[in-house]
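Here the structure comes first, spelled out in structure tokens, and everything after it is commentary.
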There are 4 protein chains.
Amino acid sequence: MAARYDFASDNTAPAAPEAMAALAAANAGFTSAYGTDPVTARAADLVRAWLDADAEVRFVASGTAANALSLATLCRPFEAALAHRHAHVCTDETGAPGFFGHGLGLVGLPGASGRIDPAALVEALAAPDVSHRQGPAALSLTNATEYGTVYSAAALEALVRPAKAQGLGVHLDGARLANAVAAGFDVTAAARLGVDLMVIGGTKAGMPPTEAIAILDRTLARRFDARLKQAGQLPSKGRFYAAPFVGMLDDGAIVRHAAHANAMARRLAGLMPFPVRHPVEANGLFVEMDEPALARLHAAGWFVYRFLDGTVRFMCSWATTPQAVDDLGAALNAIA
Amino acid sequence: MAARYDFASDNTAPAAPEAMAALAAANAGFTSAYGTDPVTARAADLVRAWLDADAEVRFVASGTAANALSLATLCRPFEAALAHRHAHVCTDETGAPGFFGHGLGLVGLPGASGRIDPAALVEALAAPDVSHRQGPAALSLTNATEYGTVYSAAALEALVRPAKAQGLGVHLDGARLANAVAAGFDVTAAARLGVDLMVIGGTKAGMPPTEAIAILDRTLARRFDARLKQAGQLPSKGRFYAAPFVGMLDDGAIVRHAAHANAMARRLAGLMPFPVRHPVEANGLFVEMDEPALARLHAAGWFVYRFLDGTVRFMCSWATTPQAVDDLGAALNAIA
Amino acid sequence: MAARYDFASDNTAPAAPEAMAALAAANAGFTSAYGTDPVTARAADLVRAWLDADAEVRFVASGTAANALSLATLCRPFEAALAHRHAHVCTDETGAPGFFGHGLGLVGLPGASGRIDPAALVEALAAPDVSHRQGPAALSLTNATEYGTVYSAAALEALVRPAKAQGLGVHLDGARLANAVAAGFDVTAAARLGVDLMVIGGTKAGMPPTEAIAILDRTLARRFDARLKQAGQLPSKGRFYAAPFVGMLDDGAIVRHAAHANAMARRLAGLMPFPVRHPVEANGLFVEMDEPALARLHAAGWFVYRFLDGTVRFMCSWATTPQAVDDLGAALNAIA
Amino acid sequence: MAARYDFASDNTAPAAPEAMAALAAANAGFTSAYGTDPVTARAADLVRAWLDADAEVRFVASGTAANALSLATLCRPFEAALAHRHAHVCTDETGAPGFFGHGLGLVGLPGASGRIDPAALVEALAAPDVSHRQGPAALSLTNATEYGTVYSAAALEALVRPAKAQGLGVHLDGARLANAVAAGFDVTAAARLGVDLMVIGGTKAGMPPTEAIAILDRTLARRFDARLKQAGQLPSKGRFYAAPFVGMLDDGAIVRHAAHANAMARRLAGLMPFPVRHPVEANGLFVEMDEPALARLHAAGWFVYRFLDGTVRFMCSWATTPQAVDDLGAALNAIA
């Protein structure tokens with residue numbers, strides 16, 4: 001029996017039909033390169049409209065690079081970004097921020113279920129600036145978080161405001177932004193609150209590999225294309241990265257699909273025989289399973305990961321079917 | 001009248017049907033991520049078969065990054081790569097080798113029509129190793145070259161042998177490898193001669209954005225995935241980068257399309273009223289045009305670039321039609 | 001009343017007469033630059049004799065740079081060094097390893113009183129090598145440790161052996177090596193056990209600014225001068241960095257002075273009214289003092305730092321006088 | 001017969017008595033570290049007075065690092081510094097700017113005898129800003145130049161003004177600033193004209209290893225100590241780097257010694273039987289000698305270097321004696 005990867009991550013899914021159709025449509029005729037083509041222009045307009053922000057928008061291949069370049073834009077090598085200590089930039093990107101940022105530091109902050117504890121942020125901001133440590137220059141947020149929870153606009157504001165007050169830049173890792181929006185996050189809040197750079201996930205939202213970078217603080221845009229080119233993130237055939245966003249933003253498919261993914265996570269929660277450890281607000285479910293139980297699940301053909309906090313993670317996506325959820329639920333109950 | 005980009009570059013073309021069909025076929029069901037999927041395995045097998053080499057193969061998004069990471073694999077920051085002074089890594093990648101290689105140096109060598117002069121290489125290799133200069137640790141070659149010429153296996157050997165004899169690593173930028181092969185280059189020579197890392201262009205060969213890295217010296221492969229991940233070049237949805245290679249390598253479409261592109265360049269040469277400055281061996285044509293002539297051509301709606309050596313470059317691709325060549329030929333003759 | 005810095009650090013002391021005399025003696029006539037002079041050769045011989053090792057030796061200006069360059073020699077950017085989580089490289093060097101090592105990671109290990117817990121090392125070495133985390137390539141040790149304790153040769157071996165067995169390189173930060181030796185550490189053990197790169201502190205040992213790098217694994221020495229030059233650590237007037245080592249190694253002054261510093265720390269321990277929290281094996285004393293007590297001590301004119309683990313640190317040096325210790329002891333008892 | 005290094009460079013000389021006396025005087029008692037001590041404060045005051053500028057001043061160990069950090073302060077990795085193509089930062093520092101600046105580019109400009117041709121600068125500034133090349137963000141000047149010539153304040157202004165007009169930062173490498181001043185350069189012009197960062201050479205001016213960085217644009221000073229610390233250039237025992245400047249600036253010894261060095265170069269020019277190729281304005285002499293002649297000179301025991309432009313370089317310093325000049329002159333005439 002081949003292993004099933006349906007719930008291993010939201011990047012094991014294929015791309016959604018809306019994205020693929022737009023890709024196919026864009027693949028016609030000759031066009032100018034490096035993001036100067038009409039498809040890229042249209043996609044950027046759609047992103048701006050979605051965010052209700054007059055941002056510069058770029059489409060790149062990698063979320064890891066997009067996040068790391070954002071932090072490198074906001075921090076110098078002898079400075080640090082503050083982030084949740086289990087944020088993707090801290091734990092899952094092989095030190096990419098330090099590589100793209102030439103040694104820039106990451107300061108991991110605590111907080112329940114992936115959301116930064118505002119008191120911990122205030123404490124970090126209050127630390128004296130000394131030359132033998134990398135002082136904070138940026139706050140990095142993730143919405144939806146690594147643990148499937150979602151910041152409301154108000155919760156985001158409670159973190160952004162003190163950071164901005166102290167002159168920090170703000171980066172938002174939106175690898176699962178669509179899931180946050182489907183869960184009620186007002187996406188226009190990012191620009192309004194002063195987020196400077198936002199990475200909008202395409203890949204996990206159901207697109208072929210593509211991520212958008214919204215440069216909300218346009219003063220950061222000078223020579224940004226040179227920054228991207230040097231870092232291998234200025235695609236020559238730009239339309240291939242822009243088209244999926246056209247297909248998914250044009251009629252709201254991005255949020256519709258994310259709402260489905262979130263619903264599948266809730267459906268799975270309803271069937272779950274193991275204790276659920278974090279609020280199920282987006283498309284992930286984190287449960288307490290010991291090693292023998294996880295081994296039984298793997299033996300039953302369902303591949304999932306043990307996560308940073310020791311829980312086992314189940315991710316849903318646009319492509320998760322109710323049947324698959326029910327099948328997994330049955331398998332879980334059989335091995336529980 | 002909208003500008004025509006047919007001849008501006010070989011990255012202004014759409015993707016070929018074989019690549020798109022393979023992409024669509026790969027986009028089915030759930031699969032494991034980060035290059036562990038069956039499509040990636042199949043594509044790697046096809047690359048190995050094409051090269052007749054037991055190489056590790058990776059599929060990445062960016063040729064700029066692939067080249068720069070290759071050089072960073074071969075050179076330490078206080079060392080240098082030798083390359084043709086007009087090579088893409090030296091002139092068109094915004095210093096990417098220095099960024100990915102933490103300041104590694106590039107030493108530009110002369111040579112007619114984009115091919116390194118073997119005597120200049122020997123002279124560079126003979127320079128004394130002093131601590132205040134970055135000594136050579138790699139030789140970077142490009143085939144087909146920036147000026148549309150092609151190294152034969154023998155010509156390549158004349159450069160690789162002295163470099164290897166002195167302990168340098170060898171990188172081959174094959175952004176247009178298919179065009180070189182279509183022009184007669186024996187692609188199996190790379191492994192046989194001791195090339196260590198080869199970047200095989202997908203994008204310019206008619207694929208959606210994708211490049212293959214063949215790690216011919218497998219001792220360089222340790223933790224290569226971590227290297228790629230940190231650099232934003234380990235795609236989660238790996239099948240999207242591998243599938244186009246499956247479609248194009250499976251039945252030889254990659255070379256068939258490149259042969260067409262090369263033929264279109266020759267066809268254009270036959271119509272060209274301006275002096276052609278480099279041998280037309282692959283898919284590019286470099287001609288002498290003064291500024292007023294170029295301005296008239298632009299005014300006539302054909303967009304092309306003036307290149308590093310002062311010539312004007314016309315690139316053909318898999319998608320270039322004989323009709324387009326003839327139309328351009330007519331336009332050129334009208335403004336000559 | 002001017003603040004007294006006698007116990008703030010061992011870098012607040014002046015340079016010892018043996019070092020200054022050698023400096024003055026070396027400052028005569030013209031000599032060749034960049035470490036090719038006879039004084040440098042003599043100092044290197046003395047280091048080799050002290051270590052009983054056929055090492056390449058370099059003299060540089062900065063311990064921070066020497067440590068960071070050592071780690072950059074042993075780790076690639078997508079790899080990590082394992083170190084005590086309170087080691088100087090982890091906490092007090094503004095991320096220098098990441099800067100000199102282009103984003104290389106540091107993994108902080110626990111352990112009482114600054115010594116790495118061998119079990120924690122074994123656990124770190126056993127972690128699976130995955131592409132999304134920086135796998136270990138080096139072990140970084142510090143002797144004497146940040147908390148004034150000393151590794152015996154046997155204790156060092158218990159850490160070095162498993163690291164070497166797994167192919168890691170080993171770096172030893174010997175900013176206070178002389179204090180360790182004065183406390184009984186057999187300095188010849190470093191080479192014997194397989195330490196690859198050792199930084200030998202001159203500054204804290206009572207010299208003008210200078211540090212020695214012993215390249216015990218000579219295969220790492222190729223182009224090391226170019227590495228140093230690029231990093232601003234190949235001094236043109238090399239004799240100024242070598243001469244102090246000549247003065248201090250020639251007749252054993254380096255250990256004699258360190259033994260005095262260690263004795264002063266023990267003397268202070270005997271007078272200390274606050275609880276001492278770590279074994280006093282070298283030249284530092286770490287005590288439990290609350291903020292009001294520390295404020296009273298500062299008000300009494302004695303400047304010392306609160307350290308990483310919350311204790312207050314008192315450092316002794318070659319220049320610490322018994323009278324100063326007794327004065328400080330009296331002041332502490334007055335405010336306790 | 002031991003080789004004589006008197007004329008090989010100005011860093012083969014010992015340190016001047018004024019510098020050594022100040023060093024000895026500063027080496028008394030305990031003091032605070034990392035540049036917070038009174039000697040450093042005094043030296044910074046003297047630098048400010050000399051420059052007639054309200055600059056932040058730091059004292060560091062390495063001119064290579066000081067230059068590279070200055071360029072890294074002014075340029076981002078995807079930007080470039082414009083410099084004379086034979087400037088020290090371009091040719092003699094093993095790519096240090098790229099290492100400290102994470103791949104920042106250097107654009108070499110032409111100009112006779114080490115001075116940048118203003119027309120070449122204007123042309124470089126006029127180049128279009130494209131994403132595939134590193135656009136200029138800084139102008140790097142050297143005074144006195146690598147070829148022993150000196151920019152007047154007016155000549156400097158002719159370069160600084162167009163650079164500043166286009167928003168570039170300006171760095172001045174003053175490794176031999178004292179020689180320029182002794183040759184008539186008005187040192188207060190640097191601040192007045194808008195130089196942002198200036199490195200003032202101590203080492204070549206006759207001090208033990210030390211260089212001053214004057215941060216003339218104080219907005220660049222934020223977290224500069226963290227920048228220095230991370231880069232291994234924030235010495236703990238700061239007084240050792242500051243004291244020589246106190247000794248040499250207090251009574252003008254720095255310029256007095258430089259005037260002597262310049263006079264020795266002129267004296268040598270008067271005796272030189274080989275053609276002198278650059279104006280002798282500072283302390284260096286560049287002459288045309290073929291290889292056999294140079295070999296004869298080396299055989300006669302005088303060590304000097306062949307330089308970048310093919311000339312042979314003779315450098316004088318504060319310690320060059322008239323007798324040595326006359327001896328060398330005799331040797332040259334004997335082998336001419």
Side-chain angles (χ1 to χ4, degrees), chain A residues 32-36 40 56 58-60 65 68-80 96-105 107 127-138 166-169 219-236 238, chain D residues 32-36 40 56 58-60 65 68-80 96-105 107 127-138 166-169 219-236 238:
Chain A
S32 60
Y34 299 109
T36 61
T40 298
E56 290 273 346
R58 298 293 184 275
F59 299 95
V60 303
L69 284 169
S70 294
L71 296 180
T73 301
L74 299 174
C75 302
R76 296 175 292 178
F78 46 91
E79 297 179 323
F99 179 78
F100 283 93
H102 197 182
L104 73 77
V107 176
D129 213 52
V130 293
S131 60
H132 61 278
R133 278 201 297 268
Q134 292 167 290
Q166 200 160 318
L168 275 71
T219 66
L220 302 174
R222 184 162 181 265
R223 289 180 171 165
F224 206 87
D225 282 350
R227 186 189 287 274
L228 293 176
K229 176 63 183 165
Q230 185 183 45
Q233 296 293 330
L234 185 71
S236 59
Chain D
S32 60
Y34 299 109
T36 61
T40 298
E56 289 273 347
R58 298 292 183 275
F59 299 95
V60 303
L69 285 169
S70 295
L71 296 181
T73 301
L74 299 174
C75 301
R76 297 174 292 178
F78 46 92
E79 296 180 322
F99 179 78
F100 283 93
H102 197 183
L104 73 78
V107 176
D129 213 53
V130 293
S131 60
H132 60 278
R133 278 201 298 269
Q134 293 168 291
Q166 201 161 316
L168 276 70
T219 66
L220 301 175
R222 183 162 181 264
R223 289 180 170 164
F224 207 87
D225 282 350
R227 186 190 287 275
L228 292 177
K229 175 64 182 166
Q230 185 184 46
Q233 296 292 331
L234 185 70
S236 59

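In what follows, every chain begins at residue 1, and chains take the letters A, B, ... in the order their sequences are listed. Predicted model only: the values in this text are computed from it and were never measured.
For the options D/P77, D/S131, D/A72, D/G103, heavy-atom pairs under 4.5 Å to chain A are most numerous at D/S131. When the candidates D/E79, D/R227, D/H132, D/R133 are compared by the number of heavy-atom contacts under 4.5 Å with chain A, D/R227 comes out ahead. In terms of heavy-atom pairs under 4.5 angstrom with chain D, the leader among A/Q230, A/Q134, A/K229, A/R76 is A/Q230.
Looking only at side-chain heavy atoms (C-beta outward), D/E56 and D/F224 stay at 4.5 Å or farther from each other.
How far OG1 of A/T73 is from CZ of A/F100: 11.0 Å, rounded to the nearest 0.5 Å. With rounding to the nearest 0.5 Å, the separation of OH in D/Y34 from OG in D/S236 is 5.0 Å.
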**OP:** Verify side chain to side chain contact (heavy atoms under 4.5 Å, CB included) between D/F59 and D/T40, making sure each step is shown before the conclusion.
**Re:** CA-CA 8 Å; D/F59 299 95; D/T40 298; 3.9 Å; yes
